[in-house]
Structure formats: structure tokens, C-alpha cells
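Here is how names work: the chains are called A, B, and so on, in the same order as the sequence lines, proteins then strands, and each is numbered from 1. All of these numbers come straight from a predicted model, not from anything done at the bench.
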2 protein chains.
Amino acid sequence: MDLDTVRTFVAAADARQFQEAAAELAVTQQAVSKRIAALERNLGVRLFTRTARGAELTIDGQAFLPHARELLSAAERAAASVRTGRRPLRVDVIASRVAATGLMRGFHRAHPEIELDVLMLFDIETAVAAIRSGSIDASFRAVVAPGRPLPEDIAAVRVLDEPLQLLTGPAHALAGARSVPLARLAGHRIWMPGIVPGTEWAAYYDDLVAEFGLSIEATGPNFGSDALLDTIADTPALATFMGERTRLVWPAGHDLRRIPVTDPAPVYPHSLLWHRDNPHPALAALRAHLAAAAAGRDTAGTWVPGWAIPR
Amino acid sequence: MDLDTVRTFVAAADARQFQEAAAELAVTQQAVSKRIAALERNLGVRLFTRTARGAELTIDGQAFLPHARELLSAAERAAASVRTGRRPLRVDVIASRVAATGLMRGFHRAHPEIELDVLMLFDIETAVAAIRSGSIDASFRAVVAPGRPLPEDIAAVRVLDEPLQLLTGPAHALAGARSVPLARLAGHRIWMPGIVPGTEWAAYYDDLVAEFGLSIEATGPNFGSDALLDTIADTPALATFMGERTRLVWPAGHDLRRIPVTDPAPVYPHSLLWHRDNPHPALAALRAHLAAAAAGRDTAGTWVPGWAIPR
DNA sequence: GTCCGGCCACAACCAGTGGTTGTGGCCGGG
DNA sequence: CCCGGCCACAACCACTGGTTGTGGCCGGAC
């Protein structure tokens, strides 16, 4: 199945005759006839009944038509996604932290007419470079690691503080706790595979460890959240941190516990970064939406790294 | 943009190298290279950065990737829509009556995982023939016109009674009424363009006219609902019938009135028709959904033609 | 530093897809 | 009954899109 053929099918269905469709597509009637015949051969069904005054859709053809239109519009959207100028708003979200994705879903629900593309870049350096080059329009990050101020032309606001919870298996020493003070975690093994040194995410946990004397192991490759959950569920001595907004599904039989952390609650400070000169109209809408969503949230009793931008 | 090229792009993005993608697609590495180069030329952006150990997606490539996947899955759905055996459930709804479409939307909301194709066939003869031949799985109709019983192998249940309302312009004699008894419509001109003689829809209005002494004009071609609304709005002497569930948008400045009809309220008896032997699993789900939706509705004070199937 | 291996790009060549023109059959209306 | 309009089939041709062959580049090992 090829897109030109599908386009021909739609044109013929709309015109209700091959001749006119051919004129519209600037080919001969014979070409249209051959394309439709080829499409019918590929699909294995008759799409038109040929009459002396044109061509009528068969029932199969009527069923196929909306799918054909959808296919063409998907092609149009695909091409638009990389068109320079008036392309969809491109937003980078930090991997492994699902809260930013949730914010973007909320924005999409509030503004379904705004075209969005969501990416996950590697780290904040890449994100900032992409914002400066115009490759992306905005990025959800914890803002810059200590000692590396943002360039002048990049703006940032803190838009969401996501509390971290402890995730344990049923046999863990803290599995029964309703909540646990941060200081009580000293001495427990906390495993966070997949943290890449040098990223702003790693800097966050470095600060957390230094300030509260935790021991976080980032050893081993990240085999994905399934493997992580498997291990946490089966290993009494291990726990991990997980954003409170992260929605996970785990296999039946894994009796995992989410335990809020308090005194203070460590929160991950998601911020939105963008280029001050970016004229994309949807960017203003995104900023307004996030500002409205963040308003009124309380920061008492929470901890963020000293280098997090203020609210 | 052609689908083979897009498939190649996705394979290369997944494999993170052209060579492996080529093996997967059973072509040479050179062919993949040429396809990707052609795609990049068409789109006007670089999709991969070529390295000595493979090919990495650029940011544009990352933005394009989900659209490419969507495009391929749209192609898959399009092909599936005409695949014999295990194709989406195909349901015919009567044109110009929007209530059946509403029922199908409700069904889709309740079962988003069930693939659906909605068609609008010409009349009940066509629909019954299509059901018997297996071209469609079900049809929303008012069931058969008088004197033409359904074939033995077709089953039917009445699933929705849709009250008709009178639609008038602001200068119509009845424009100010909160409701109007059916008998009061005698002598008023009611215009229903587009009724095709011989259809079950025409039979419905024939009976309505005969029983209550109305005068319904079906003259003139149907130029679509926009033209109908224009005329109704501007012509004090004309009114038309419209299903209570029909959602219309009319241009600003048209002050149209919807007036319920009573004593009795004429209702259009939508029924679901299907083939007794149709094994499509989604058909059972549709019947169950409609039965649940129809339960408990009251038929007191309403009128249906004598030939409507009982509830 | 140098060599080697892996991967991608360019060039030349060839087959087959997909277009064109020419023509015939069919159906409906005047 | 003939004419006009529309679609299908046939023959032909160009160019797209594949193949093989080869070269350049980069990174790791020695």
C-alpha cells in the first residue's frame, strides 16, 4: 500500500468517477484505473463498482475510506512535525520521571487543539543546546547542576515539586510503615539503577546523599522498570525512590509498598526551560497552563537541593 | 513520502544502525542508506547523525519517530478494515438521523478497545442484503417497511425511540410554543427534503401523515442541512422535523426554535438488525451494550408506526 | 602510531514499477 | 439506434529503486 495510491483512492471516492480524479491529480484516467486496480489487488477486495457513469464505492470501499483519510492526515502530521516554522510545540521531558509527562497530558487535555511532540533528551546540557538552537521549544528539567548557571537567553520557572516515596517489597524492614522520616533511611540500601553520572538527576541524588547521609547505589545497568520492580519485590534489603505521581503497573503477586518520606519530604523540582526569544504561540499557552497548575502549592516541610531555582 | 521508506526509518531508528535494519528488512545496507537519504531530502531535515558505529536519531528524528509509528499503524488499521475474517465490527447507521451515531459513540466510549467501522448505506434493502452477504455486521434501521417482513436469518431488536421535534424559524406561527400537540400540526407546511420514496424512512412519514392528517412536502433535492436550516430560518410558513438528539450547529443570526411535539410524541423507532449466524465477538458486546442502554425507557404517550417491531 | 574492523556513502548498472498513448467495450440518454 | 462518456486492456517507455563494488571515516586494540 502506498500513499499516492491511497490519495488516488480518496480522490476517486470523492469525485465518484476516475476521470475527474485523474484530472485533479494531474494524471491520465488510465493511471488512476491502474492504481485503483493495484490497490484492490493488494487488499484483496473490490473497492469500487464500475458503471457507465462513473465508479461507486462498494461497502468495503466505504469502510476503507475513513481509514484512508486518516492515513493521509497522519502522513500530513508526520511531515508537519519536522517542518521548520509552525511545527508542533516540541517539549523535552526528563526520562524516568513521569510527573512531567503527566503535566503535558494535563496541558493536552486542556488544549487538545495544540499539536504537541514530546521527546526525551539525554541531559540538561543537550536540552539547553537544543533550546538555544531552536530544535526544541521547552524542556522539563531540575534546572542546572551546581556551578553551571543557565545562559542568559534561557528562561526557567519551577513548575512542580514532586515528592519522592520509598518503594519496597513486602519483606523490607520499613514495609509496614505509614511514613518514614528521611533520617531513618540512613543505613538502608537504596538502589537507583540507570542514574547517569553528570546529569542533573545524578546531581540531585548526590546532594540528597550528602545532606542526609543516605547510601544510594547506582550500580548496574538499567534493565527497565520491570526488572527494577522484580528485584525490589524479592529483595528485603533493597528499596528505591519513586516519584509520588509515577503510575506503575506491576505483575500480580508483587506486593510492593509505597511509603511517603517526611521531615523533610524530598521533592524533585521540575522546572520548565525555554528560550526567551522563542515566538511559538503554543509556548505561551503552555507557560500559562503550568503557572495556573502550580499556583497555591505549599513548599513547607520539603527539601530541594540548594541549587534548585526558587519558586 | 512512501510507507516503505517510513518503515525503513522506524527499523533504522530501533536498530540504531542501518546495517541491522537492512538485514531485518531483507535489503542491502545501501538500499537503506538511499531510502533514508531520500526521506531526509523530502522532509528537508536530517533524521540521523551517522557515526562510525551506527546512526543516532537527531532531535528532528526523535520528533518524527512517533508520527512515523502512527503512520504505519494507521496503514495497518486501514488494511485490517477490509481483511476478511477478524476485521473491525461494521455497523450501518441511517443517514440524516443522528441518534444511531450517538449510540455508536456511547458504545465506543464503553469499549474503546473494540475496533469499529461506521457506514451509511442507502436503505434497508441494501442493509439487509449486506448483512446477509456478511459485508456488514449490523444496521440501525426503523426495521422493514409494511408488507415486507424480515428474512428468517435476520434478527432485530428495537433499541432506541427518538422523539421528533419541530424545527422552525423565529417568524413561524408556532415559534413561541413550548410544545405543540401533534394534531395542531395539521395545516402547517412541513418540509423534509431528501426523503427518498421507498425507503423505510419515507414509510415512517407516510404513516405519520396518514394517521394525523399532516402535510409533509418532500419536494426538491436535498442540498444538505445547511441549506435546509437557511430556508427554515427565513421562511415563516415552513417547519421541519428533527430528532431530539440531533446536534446541529447553525450560523449566528439564525434564530431557530426546537419545539417538542406531544399527544402523542412521534418517535422514530431505531432498531438493530444483524445476522443470526454472525459470529463476530464484538457483535455480542454491541447487543449487550444497547440492551443495557435501552432498558427502562418509557413508551407511554408516544407514537410509532404499526409496523414497527415491538419492544 | 598504526592497523584492523565495522559502518555508512557514492558510483555504476540493471530490472521492474508505474506512467503514457492508443484503442475497444459497455451503458444510458437523446 | 447512434452517440457520448467512462472505464479497462495493450504496448511502449522512462525513471525509480534495487543490486554489487568500492572507498572513506572513525574507534578500539595492539
Side-chain angles (χ1 to χ4, degrees), chain A residues 1-58 60-62 64-65 68 71-72 75 79 122, chain B residues 1-62 64-65 68 71-72 75 79 122 221:
Chain A
M1 186 167 18
D2 120 276
L3 287 179
D4 271 332
T5 306
V6 173
R7 225 179 306 277
T8 305
F9 166 77
V10 171
D14 288 343
R16 307 169 76 85
Q17 67 180 44
F18 291 4
Q19 201 118 264
E20 192 180 324
E24 199 166 317
L25 300 169
V27 295
T28 60
Q29 163 265 317
Q30 289 87 335
V32 171
S33 179
K34 278 172 82 167
R35 283 186 190 174
I36 301 287
L39 183 59
E40 290 177 327
R41 187 158 18 89
N42 283 336
L43 295 174
V45 296
R46 211 114 230 278
L47 295 172
F48 289 96
T49 55
R50 280 76 161 167
T51 75
R53 258 202 329 285
E56 295 291 316
L57 282 177
T58 62
D60 279 315
Q62 290 178 50
F64 186 70
L65 181 56
L71 189 53
L72 296 182
F122 177 67
Chain B
M1 185 166 19
D2 118 279
L3 286 178
D4 270 332
T5 306
V6 173
R7 223 179 306 277
T8 305
F9 167 78
V10 171
D14 287 343
R16 308 169 76 85
Q17 66 179 46
F18 291 4
Q19 201 118 263
E20 192 180 323
E24 199 166 315
L25 299 169
V27 294
T28 60
Q29 163 264 318
Q30 289 87 334
V32 170
S33 179
K34 278 173 83 169
R35 284 185 190 174
I36 301 287
L39 183 60
E40 290 177 329
R41 185 158 18 88
N42 283 336
L43 295 174
V45 296
R46 210 117 234 276
L47 295 172
F48 290 96
T49 55
R50 281 75 163 169
T51 75
R53 259 201 329 286
E56 296 290 317
L57 282 176
T58 62
I59 290 176
D60 279 315
Q62 290 178 50
F64 186 70
L65 181 56
L71 189 54
L72 295 182
F122 178 67

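- Taking 4.5 Å as the limit, some side-chain heavy atom of B:M1 sits within range of a side-chain heavy atom of B:L39.
- Counting only residues at least two apart or in different chains, salt bridge (charged side-chain N to carboxylate O under 4.0 Å, His left out) contacts with residues 15-41 of chain B comprise B:R16-B:E56, B:E40-B:R50.
- Among the heavy atoms of the strands, none lies under 4.0 Å from A:V32.
- B:S33 contributes no side-chain N or O that, together with a main-chain N or O of B:Q29, makes up a donor-acceptor pair within less than 3.5 Å.
- For the pair A:K34 NZ and D:dC12 P, the interatomic distance rounds to 13 Å; values are reported in whole Å.
- A side-chain donor-acceptor contact under 3.5 Å links B:T8 to the backbone of B:D4.
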Below 3.5 Å is the cut-off: list the nitrogen or oxygen pairs between protein and nucleotides 26-30 of chain D, distance only.
none

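- In this entry the distance linking CZ of A:F48 with P of D:dC6 reads 15 Å, nearest Å.
- Across the strands present, D:dT22 finds its partner in C:dA9; the criterion is a Watson-Crick or G-U wobble pair with both atom distances under 3.5 angstrom.
- For B:F64, the ring-ring contact (aromatic ring centres under 6.0 Å, His included) criterion is met by B:F9, not counting sequence neighbours.
- The two residues A:A15 and A:A21 have their closest heavy-atom pair at CB-N, 4.0 Å.
- Using a 4.0 Å cutoff on non-hydrogen atoms, the parts of residues 2-22 of chain B near DNA chain C are B:Q17, B:F18, B:Q19, ordered by number.
- Taking every heavy atom of both residues into account, A:A79 and B:L43 meet most closely at CA-CD2, 4.2 Å.
- Looking at residues 35-46 of chain A, you'll see that no heavy atom sits under 4.0 Å from any atom of DNA chain D.
- Each of A:D2, A:V6, A:L3 was compared with B:L3 under the side chain to side chain contact (heavy atoms under 4.5 Å, CB included) criterion, and only A:L3 meets it.
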Anything under 3.5 Å between a protein N or O and an N or O of nucleotides 21-24 of chain D, put it in a table, one pair a line.
| residue | atom | partner | partner atom | Å |
| --- | --- | --- | --- | --- |
| D:dG21 | O6 | B:Q30 | NE2 | 2.6 |

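- Here D:dC2 sits opposite C:dG29 as a Watson-Crick or G-U wobble pair (both hydrogen-bonding atom distances under 3.5 Å).
- Once rounded to the nearest 0.5 Å, the distance linking CG of A:N42 with OG1 of A:T5 reads 8.0 Å.
- Looking only at distances, a side-chain donor or acceptor of A:T58 sits under 3.5 Å from a matching main-chain atom of A:L47.
- With rounding to the nearest 0.5 angstrom, the CG atom of B:L57 is 8.0 Å from the OG1 atom of B:T49.
- Looking at B:R46 and B:D60, their side chains never come closer than 4.5 Å, going by heavy atoms from C-beta outward.
- Nearest heavy-atom pair, A:A55 versus A:F18, reported as atom, atom and distance to 0.1 Å: CB-CE1, 3.5 Å.
- Between B:S33 and C:dC8, a side-chain N or O to OP1/OP2 separation shorter than 4.0 Å is absent.
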